[in-house]
Each structure stands twice: as structure tokens, then as C-alpha cells.
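Chain identifiers are assigned alphabetically (A, B, ...) following the order of the sequence lines, protein sequences preceding nucleic acid strands; residue numbering begins at 1 within each chain.
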2 protein chains.
Amino acid sequence: MRSRKRSDGPSQTAGDGETAEAEPDGGRDWRKRRTRRALINAALALLEGERSFSSLSLREVARGARITPAAFYRHFSGMEELGHALIEDSFESLHEMMRKARAGGLPSTRMIRASVKVFLDHVGAHRAHFSFIAKERFSGSTVIRVAIRKEVRLWVGELAVDLSRFPALGKFSAEDLQMLAGLMVNVVVAASELVLDTPPKDKEALTRIYRHAEKQMRLVMLGAGAWDSSRSSG
Amino acid sequence: MRSRKRSDGPSQTAGDGETAEAEPDGGRDWRKRRTRRALINAALALLEGERSFSSLSLREVARGARITPAAFYRHFSGMEELGHALIEDSFESLHEMMRKARAGGLPSTRMIRASVKVFLDHVGAHRAHFSFIAKERFSGSTVIRVAIRKEVRLWVGELAVDLSRFPALGKFSAEDLQMLAGLMVNVVVAASELVLDTPPKDKEALTRIYRHAEKQMRLVMLGAGAWDSSRSSG
DNA sequence: TGTACATCAGTGAACGCGCGTTCACTGATGTAC
DNA sequence: TGTACATCAGTGAACGCGCGTTCACTGATGTAC
């Protein structure tokens with residue numbers, strides 16, 4: 001790449017998508033961030049198949065990013081640090097989706113289908129990220145599992161807050177809202193895992209998974225409607 | 001005919017000295033089966049921690065069973081075949097539990113607590129087996145994932161049949177019974193995964209997990225009570 | 001402005017190590033007579 | 001019954017390979033003056 005010198009000073013760009021170069025500098029900083037991205041993307045690409053993170057080798061990832069193994073260490077202290085970067089990258093995608101979904105309005109009975117679709121579409125559109133999360137959720141090293149669990153708990157908590165604003169759920173105690181949110185997250189997580197195991201082209205199978213999850217969600221909502229927190233402690 | 005030994009667990013290594021006496025044979029066949037067991041147990045022992053199956057080496061498993069790497073091939077053609085043996089071994093444990101649970105009676109509202117407890121106690125008592133299943137369910141090689149998925153589908157199917165005999169669920173279509181069974185399995189599977197990440201001594205945390213799962217199950221049952229299959233296709 | 005020096009992302013060779021697999025072998029167990 | 005031979009689970013050495021990590025290095029980019 002030729003360097004396009006723009007003396008805007010040292011660029012301090014924070015946002016970066018996969019191809020974002022709204023402010024390409026061509027400088028040393030920019031090149032470094034670019035290689036870091038290449039490493040993360042190389043790892044995600046390797047993980048999109050049936051490989052698990054713990055089975056990836058440092059050399060393999062470096063190869064995928066077209067740098068020598070030694071250069072890997074200019075970006076991460078080792079594979080574990082790369083793992084953390086992958087978690088961050090993956091959940092950023094999830095948070096973004098949550099933000100969008102929340103902007104669309106609170107879940108209600110008639111919104112179940114739409115919510116399930118939004119979420120599962122997002123999973124299908126970010127297979128590598130969610131495939132990584134699904135695999136490492138139980139298989140990863142302790143630190144990685146703990147990091148994922150923390151993010152999931154945060155997510156459940158956010159959903160519980162959203163639900164609390166929903167008048168029909170006024171009967172729910174704070175604890176029971178967490179329980180309900182956990183159940184709803186279970187439903188979409190289980191469906192996500194099926195989505196990840198279905199080829200994107202198999203629309204029919206995907207539709208079946210969507211409908212299944214939607215039904216489960218609706219049944220859960222029916223249960224929530226009949227729930228009475230004051231009786232739930234026995 | 002299976003020889004029933006008291007301590008069937010994976011903590012056992014192939015130490016000799018006190019061999020069980022009269023019942024077994026001591027012959028070549030018996031010794032071979034014994035070493036095969038030692039290999040399976042060694043693998044399960046290694047998997048009980050945070051290791052995943054794909055990260056195990058053949059030499060490591062052989063070492064755990066106190067045989068040379070070359071002798072491994074007298075029992076399995078390679079690690080993948082050992083993986084299948086592990087699946088068989090793990091689900092045998094699950095089927096046994098299902099048989100016992102079914103003998104206890106069909107699930108009913110008042111039986112929710114007992115059912116959840118029976119299942120989660122079983123998981124806690126067979127950590128190595130269920131830890132293996134939980135990890136490989138999404139992380140394993142395709143053949144192993146497919147084998148696990150098949151077993152889970154069977155399990156959901158069995159549960160659906162059990163549920164169909166339950167008068168209060170007369171309103172359910174066959175498809176919706178599968179959906180409900182899937183949801184119930186989701187609840188206990190999610191809880192199992194929490195159980196596996198909790199030290200067995202932390203009774204308080206375990207109780208919290210049990211109560212949480214029980215509540216979710218009860219909410220699902222409430223939803224089932226209000227469900228109407230004839231309206232569910234829209 | 002140009003020059004001299006500093007920084008540092010990436011290189012390529014080297015190392016010791018554990019891996020999967022093969023091979024000829026050993027010696028206890030099993031069997032035919 | 002004893003003897004001679006067959007079977008085969010397990011041994012131990014050997015192989016080539018990819019691994020993680022280290023090291024001195026290169027050369028483009030950045031900066032001080």
C-alpha cells in the first residue's frame with residue numbers, strides 16, 4: 001500500500017469494523033491495528049469450521065494473517081490474550097444488536113416473532129463470532145469461560161431490566177425477572193446453536209428453527225402471564 | 001453381562017495389586033477389556049478439568065492408562081474411535097438415569113422439584129461424563145457432534161412420549177409435545193452446565209441452581225397449561 | 001526546509017519438545033494333540 | 001496328563017513434523033533539530 005500522507009496528526013480512531021478505513025492513515029499505527037485485525041479475523045475464520053480455539057496454534061493464526069510467528073508477539077502476549085480479544089470482538093457484535101433491538105421497542109406478545117427473527121438473523125450474519133462463543137462457552141479455558149459467562153449474565157440482566165418496564169410483568173419480583181430473562185435467553189441461545197449448525201442456504205431448515213424458537217418463546221410468555229412471584233418461593 | 005464394580009469412576013487408573021477376585025477371569029480377554037476401560041477412564045479424568053477432547057493427545061491418554069502409545073492401537077484405531085466410546089459410555093449413564101426416573105412415575109406439577117433434583121444429582125454424580133457431553137456438544141468434531149445430537153434428540157423424543165401420557169397435556173399436538181420436551185430439556189441442560197462449573201462442595205450455590213431450574217420448569221409448566229396447539233401454527 | 005537518529009512491526013533462522021505412527025520384538029495366555 | 005505351537009496385548013526405539021519461543025536483524029516510519 002502507498003502511504004497517503006495526511007498531516008492530521010497521529011490518528012486516534014476508536015471505531016473499527018472489519019473494513020473500516022474512514023480515516024486511513026497509512027502510518028505505523030494504522031498498519032499495526034490493521035495487522036491486529038488480520039490476526040483476529042484469521043482466528044475467527046479458522047474457528048468458523050469445526051475447530052475449537054484451544055486447538056488453534058499460534059503459528060497457524062500468524063500464517064492466516066500472513067505474518068511470521070514471531071511478529072504475533074508484537075500484538076498479543078500469546079494465544080490467551082488473543083482469546084480475550086475474540087470475546088470482546090464477538091460480544092461487541094451482540095451489544096450492537098441489543099441496542100438496535102431495544103430501539104425497536106419492548107418485547108410484547110405480538111413482538112415475539114420479530115424479536116426472535118432479529119436475534120437469529122443477527123447470529124446467522126455473524127456466524128464466526130457466535131460460533132466462537134458457543135464453542136468456548138463450555139470448552140474454553142477457565143478465564144475465557146468466566147469472561148463469556150460474565151457477558152451472558154450482563155445480557156440477561158439487561159433483558160430483565162427491559163422486561164421490568166413491561167406492565168404485564170408487574171407481578172414479577174426482581175429475582176423472578178432474572179429467572180424469566182434467563183429462560184428467554186436459553187431459548188434463543190439453544191436456537192442459535194442450531195442455526196450455526198445449519199448451512200445458510202438451507203432456508204427451510206432455518207425457518208423450522210425460527211418457528212420452533214418462536215413457539216417456545218410464546219409458551220414461556222404464556223407461563224409468565226400465569227406466574228405469581230408471591231407463591232414462587234416455596 | 002456387565003460386571004458391576006463399586007467404583008466405576010474415571011479417577012481409577014490401571015493400577016494393579018488388588019484385582020477383583022473370583023468374578024472376573026483374569027484371562028487375556030478380561031485383561032484387554034480392563035485396559036480398554038483404563039483408556040476410557042483416563043480420557044474422562046483428563047476431560048474432567050478444563051481440557052477439551054480435541055486437545056487431548058493419544059500419548060497423554062495412553063500415559064494415563066499406563067500403557068505405551070503403540071498399545072493404544074490394540075483398542076482403538078485412533079482418538080476419534082475413543083471419542084465414540086466416550087459418547088456411548090456417557091449416554092449409557094444418562095439412559096440409566098432416565099429408566100430410574102421413569103420408574104418413579106410421570107412428571108406432574110408436584111413432581112417438578114423431585115425430577116429436577118434427580119437429574120441434577122445424577123449430573124453431579126457423573127461429572128466426567130456430563131462434562132464431556134457439554135463440551136463436545138458444540139466443540140467436537142462433526143461426527144462426535146452429530147452423535148451427541150442424535151442422543152439428545154432421542155432423549156427429547158422419549159420425554160415427549162412420557163408427556164403425552166399426561167392428561168393435562170391432552171391439548172398438545174405431537175409437534176408441540178416435542179417443542180415442550182425440548183424446552184424442558186433446555187432448562188435442565190442449562191442447569192447441568194452450571195452444576196458442572198460449581199465445586200461439588202459448594203452446596204449453597206448448588207441449591208441456588210436447583211431452585212432456579214425448578215422455577216423455570218414450573219413456569220414452563222404454567223405455560224403448557226395455557227397452551228392451545230390449535231392456535232399455535234400462526 | 002533537510003539531515004541524523006530513534007522507534008518498532010515484521011523477518012528468518014534456530015532451539016528443544018511432544019506429537020502420531022511404524023516396526024520388530026517379547027513373553028504370558030490359550031489351544032491342539 | 002504334558003508338550004509344542006499359535007495368538008496377541010503390550011514394549012521400546014525410531015522417524016519426521018509442527019509446535020512455542022528466542023534472537024539478532026532489517027528497513028520503513030516517525031521525530032528532533
Side-chain angles (χ1 to χ4, degrees), chain A residues 1-13 16 21 23-43 46-47 51-85 141 144, chain B residues 13-17 19 22 24-43 46-47 51-85 141:
Chain A
M1 304 279 140
R2 302 285 287 147
S3 68
R4 295 208 278 121
K5 203 82 185 265
R6 266 175 191 238
S7 38
D8 281 349
S11 73
Q12 191 70 11
T13 326
D16 55 351
E21 71 260 41
E23 204 179 339
D25 182 358
R28 201 146 64 181
D29 249 42
W30 177 82
R31 276 167 180 272
K32 184 166 185 182
R33 266 180 283 122
R34 178 183 218 249
T35 303
R36 189 188 141 98
R37 249 291 121 207
L39 284 166
I40 290 174
N41 289 346
L46 288 163
L47 289 168
R51 306 286 307 278
S52 72
F53 183 72
S54 66
S55 80
L56 296 188
S57 74
L58 184 152
R59 293 179 98 103
E60 203 173 6
V61 175
R63 219 178 292 129
R66 300 196 195 286
I67 59 172
T68 57
F72 179 99
Y73 294 102
R74 297 281 179 201
H75 302 274
F76 303 102
S77 65
M79 288 298 282
E80 184 165 296
E81 203 167 291
L82 173 62
H84 280 290
S141 70
I144 284 185
Chain B
T13 43
D16 56 318
T19 62
D25 183 0
R28 200 147 65 181
D29 249 44
W30 177 82
R31 275 168 181 275
K32 185 166 185 184
R33 267 180 284 123
R34 178 185 217 248
T35 303
R36 190 189 141 97
R37 249 292 121 207
L39 284 166
I40 289 175
N41 289 346
L46 287 163
L47 289 169
R51 307 285 307 278
S52 72
F53 184 72
S54 66
S55 80
L56 295 188
S57 74
L58 184 153
R59 292 179 97 103
E60 204 173 3
V61 175
R63 219 179 291 129
R66 301 197 194 289
I67 58 171
T68 57
F72 180 98
Y73 294 102
R74 297 282 178 200
H75 302 272
F76 302 103
S77 66
M79 287 297 283
E80 184 165 296
E81 203 168 292
L82 173 61
H84 281 291
S141 71

| field | Residues forming a side chain to side chain donor-acceptor pair (under 3.5 Å) with B/Glu81, sequence neighbours excluded | value |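 With neighbours one apart ignored, the set is B/Ser77.
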
| Can you list the stems that include DNA chain D, where a stem is three or more consecutive Watson-Crick or G-U pairs with distances under 3.5 Å? |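 Result, WC/G-U stems under 3.5 Å: C:2-33 with D:2-33.
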
Return the set of residues passing side chain to side chain contact (heavy atoms under 4.5 Å, CB included) with [X] (not counting sequence neighbours), or none when no residue passes.
X        : result
B/Ala70  : B/Thr68
A/Ser141 : A/Glu80, A/Val143, A/Ile144, B/Glu50
B/Arg59  : B/Ser57, B/Arg63, B/Pro69

Report each atom pair, protein N/O against N/O of nucleotides 7-11 of chain D, whose distance is under 3.5 angstrom.
from	atom 1	to	atom 2	distance (Å)
D/dT7	O2	B/Arg28	NH1	2.4
D/dT7	O2	B/Arg28	NH2	3.3
D/dA9	OP2	B/Lys32	NZ	3.3
D/dA9	N7	B/Arg74	NE	3.2
D/dA9	N7	B/Arg74	NH2	3.3
D/dG10	OP1	B/Thr35	OG1	2.4
D/dG10	OP2	B/His75	NE2	2.6
D/dG10	N7	B/Arg74	NE	3.1
D/dG10	O6	B/Arg74	NH2	2.8
D/dT11	OP2	B/Thr68	N	2.7
D/dT11	OP2	B/Thr68	OG1	3.1

| query | Is the base of D/dG18 touched by the side chain of A/Arg59 through a donor-acceptor pair closer than 3.5 angstrom? | reply |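 No, no donor-acceptor pair under 3.5 Å.
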
| said: Checking the side chain of A/Lys32 only, and the main-chain atoms of A/Arg74 only, is there a donor and an acceptor separated by less than 3.5 Å? | reply: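 A pair under 3.5 Å: yes.
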
| Who pairs with A/Arg51 by salt bridge (charged side-chain N to carboxylate O under 4.0 Å, His left out), at least two apart in sequence or on another chain? |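 Salt bridge (charged side-chain N to carboxylate O under 4.0 Å, His left out) list for A/Arg51, sorted by chain: A/Glu60.
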
| Distance in angstrom units between A/Trp30 CH2 and D/dA28 C1', rounded |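 So the two atoms are 14 Å apart, to the nearest Å.
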
| field | Gap between atoms CG and C1', on B/Leu82 and C/dT21 respectively (whole Å) | value |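 Going from B/Leu82 (CG) to C/dT21 (C1'), I get 17 Å.
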
| When all nucleic acid strands are considered with a 4.0 Å heavy-atom cut-off, which category describes A/Arg36: base, sugar-phosphate, or nothing? |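 If one applies the 4.0 Å heavy-atom cut-off, A/Arg36 turns out to touch nothing in the nucleic acid.
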
